[in-house]
Amino acid sequence: MLSHGWNLSPTEAVALQNSLRRQVVGRNCYAELQRIAGVDVGFEAHGSITRAAIVVLSYPQLQPLEQAIARLPTSFPYIPGLLSFREVPAILQALSKLQQPPDIFLCDGQGIAHPRRFGLACHLGVYTDIPSVGVAKTRLIGSHATVPAEKGGWVPLIDKDETIGAVLRTRSGVKPLYISIGHKISLERSIELVLACTPRYKLPETTRAAHRLASG
DNA sequence: GCGACAG
DNA sequence: ATCTTGTCGC
């Protein structure tokens, strides 16, 4: 009943997260990665329209394979901790337009590095049953030590004595990214994957490609 | 009660 | 997220 629609009240949304969090799988559960997808969500018309773009790249070559874009009326406000209820509907619409689903998603936002351990990446992963990783540009919760300045350096992101993710330097001397598992992948593999997708810039090539599509 | 707060 | 040009630095 509650899990069938996205038009929920904030209170219902929190309840749904607490219910679905049990379905998150933190182990590597996939055959092989050949199609890796980047997702970007933007807004138009003063925020009244949500625009989602998905770009699928080959892995590990990172060459473009296919892409899709979708626009939907915005139906949920931005509330820290409830981001997925605002962005996932449009992402699912774009996903349905792809010829073939990707093997994994690199999401803009947190995975389990979330108050209820169920951020955007977890929600998209569990809902589609496709592996996913949360790649956020800034922190939502958790604390961490100083991150080594060299590319590849990282420190655990901790909340309540629990490791919920990693703060990873994807480019020397540049602000680090907040990595956390979304679904069906381990944190160690998530870190390796993000590093494999950042040969030159701070953000993964997948995310950059999706951002370009969403812009023009 | 006072901050913090993914995009 | 979005509104927006030039500017500092590797």
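Sequence lines set the chain letters: A, B, ... in the order given, protein chains first and strands last, and positions in each chain run from 1.
In DNA chain C, consecutive stretches of 3 or more Watson-Crick or G-U wobble pairs with both distances under 3.5 Å do not occur.
Under a 4.0 Å N-O distance rule, the pair A:Arg117/A:Asp159 qualifies as a salt bridge. Ionic pairing of A:Lys137 and A:Asp108 is present here: one or more N-O contacts between side-chain nitrogen and carboxylate oxygen are shorter than 4.0 angstrom.
Checking side-chain atoms of A:Thr74 against main-chain N and O of A:Gly47 turns up a donor-acceptor pair under 3.5 Å. Judged by distance alone, with hydrogens and angles left aside, the side-chain atoms of A:Ser132 form a donor-acceptor pair with the main-chain N or O of A:Ala121 at under 3.5 Å. A donor-acceptor contact shorter than 3.5 Å links the side chain of A:Arg169 to the backbone of A:Val147. Counting only distance, with no hydrogens or angles, the side chain of A:Glu12 and the backbone of A:Ser9 share a donor-acceptor pair below 3.5 Å. Between the side chain of A:Gln110 and the backbone N or O of A:Thr138 there is at least one donor-acceptor pair closer than 3.5 Å.
Sorted pairs that involve residues 91-100 of chain A and meet side-chain hydrogen bond (donor to acceptor under 3.5 Å, both in side chains), not counting sequence neighbours, are lacking altogether.
Side-chain contact between A:Glu87 and A:Tyr78 is absent, with no heavy atoms from C-beta onward closer than 4.5 Å.
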Criterion side chain to side chain contact (heavy atoms under 4.5 Å, CB included) on A:Leu213 and A:Arg51, from CA distance to verdict: CA-CA 11 Å; A:Leu213 172 63; A:Arg51 180 222 331 100; over 6 Å; no
CA sep, side-chain torsions, deciding dist, call: A:Leu92, A:Leu124, side chain to side chain contact (heavy atoms under 4.5 Å, CB included): CA-CA 8 Å; A:Leu92 293 177; A:Leu124 183 62; 4.0 Å; yes
Step-by-step salt bridge (charged side-chain N to carboxylate O under 4.0 Å, His left out) determination, A:Asp129 to A:Lys184: CA-CA 8 Å; A:Asp129 198 37; A:Lys184 292 189 168 181; 2.9 Å; yes
Under 4.0 Å protein heavy-atom contact, by nucleotide of nucleotides 1-7 of chain B - B base, S sugar-phosphate only: ---SBBB
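A single hydrophobic cluster is seen to contain both A:Tyr127 and A:Leu8, as judged by linkage of ILVMFWY side chains at heavy-atom distances under 4.5 Å, directly or through other members. Tracing side-chain contacts under 4.5 Å through hydrophobic residues (I, L, V, M, F, W, Y), one never reaches A:Ile141 starting from A:Ile112; they form parts of separate clusters.
Within residues 166-175 of chain A, no residue has a heavy atom under 4.0 Å from DNA chain B.
Ring geometry, A:Phe85 versus A:His123: the interplanar angle exceeds 60°, so the pair is classed perpendicular (tilted spans 30 to 60°).
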Grab the N/O contacts between the protein and nucleotides 6-10 of chain C below 3.5 Å, and write none if there aren't any.
none

For nucleotides 3-5 of chain C, list the nitrogen or oxygen atoms of the protein found under 3.5 Å from its nitrogen or oxygen atoms, one pair per line.
none

